[in-house]
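Only a predicted model underlies this, so the values are computations on that prediction, with no experimental measurement involved. Residues: numbered from 1 along the sequence shown. We count ligands from 1, going down the list as the structure has it; atoms in each ligand are counted the same way.
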Amino acid sequence: MEASKHTRTAVVSPLPAASLSSCGTVSATADVKLPNPARAGFADKLYRLDGGHSLANDESVWTPGENVGRSIQFSSTCWLIQRENQWLLWDTGVPESALNDPKGWSTLPKLIVYHLDKTLTDQLAEIGLKTTDITYVALSHTHGDHIGNVRLFADSTILIQRAEYEWISSPDGPNDNVNQLKALARKLMGTPKHLRLLDGDTDVFGDGSVTLVSTPGHTPGSQSLMVHLKKSGFIILSGDVVHLEENFEKDAVPSLNTDKAASIASMERVKRMIATYKAKFFINHDKAETDKLKLIPAFYD
Ligand SMILES: [Zn+2]
């Protein structure tokens, strides 16, 4: 319903021709946009930020056929990348208004409740940054726990797949949970002042240091991110291409995902990339794994 409004008011900066691809479909030529591992440039630092955590009452939504009625905790993770004097924030977590609220905050009240122990603003301040210092905010997709604070970054350029942005304003489908998530996404996104809609894989800085990788399936325009660091090598940040390490091993697809075949193809694509780039893989919502990773002000370089 808001498609025309979004289209009319969005400021869409054209990408250089070299970054344009026809669409986000998985094909034999899709990897052409990815960096040459031997020649990719480097980002300087990668910081993890705590974007909240959640408790869901039925794990089987994420692991169909297994764990029915079992509760599960997820992490919500945001990442900050420094490349020279530019900063890129990957996802924005649970809304800051949920801070220390014992009732929590929800995207789907019957299924999942989120809690926030520290704000992004305070975590950025730990290394001397303000929200206005962030050059780019790249969004893996438009679920509320990933775009909860996107409006704090009104001066930043928002990087999102065109397929994702158009999807949240498309007509409702048969899955009411998905419809609710889309309505919440429209509300949280608002109308960004600086919006760059992407068509598939995108080399953000033009040197292979930070690449947004098209991994549709969880939502129509989901993406992952690959960063290249001098000491740590390549690291792939999952977005929600997968929620749990075990699902990644089994190619298990959550029932909320909009496209099962695309979800499997995207997981397989990430597995190939992990092999090609000898990459580490950080899974956003896998709390047991995430809790072991460095947290701001510590960083990977
Ligand atoms: Zn998520």
NE2 (His146) to the Zn ion (ligand 1) to NE2 (His285): angle, nearest 10 degrees?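 His146 NE2 and His285 NE2 form an angle of 100° at the Zn ion (ligand 1).
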Is the closest side-chain donor-acceptor distance between Glu164 and Thr142 under 3.5 Å?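 Yes, Thr142 and Glu164 have a side-chain donor paired with an acceptor closer than 3.5 Å.
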What is the name of the N/O/S atom in Asp145 that sits closest to the Zn ion (ligand 1)?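 Of all N, O or S atoms in Asp145, the Zn ion (ligand 1) lies closest to OD2.
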Identify, by name, the N, O or S atom of Asp240 lying closest to the Zn ion (ligand 1).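 Restricting Asp240 to its N, O and S atoms, the minimum distance to the Zn ion (ligand 1) goes to OD2.
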Ring centres under 6.0 angstrom apart (Phe205, Tyr136):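 Under 6.0 Å, so yes.
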Are His218 and His146 an aromatic pair, judged by ring center distance below 6.0 Å?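 Judged by ring-centre distance (under 6.0 Å), His146 and His218 do not meet the cut-off.
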Parallel, tilted or perpendicular for Trp87 and Tyr47, by the 30°/60° rule?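 Trp87 and Tyr47: tilted rings.
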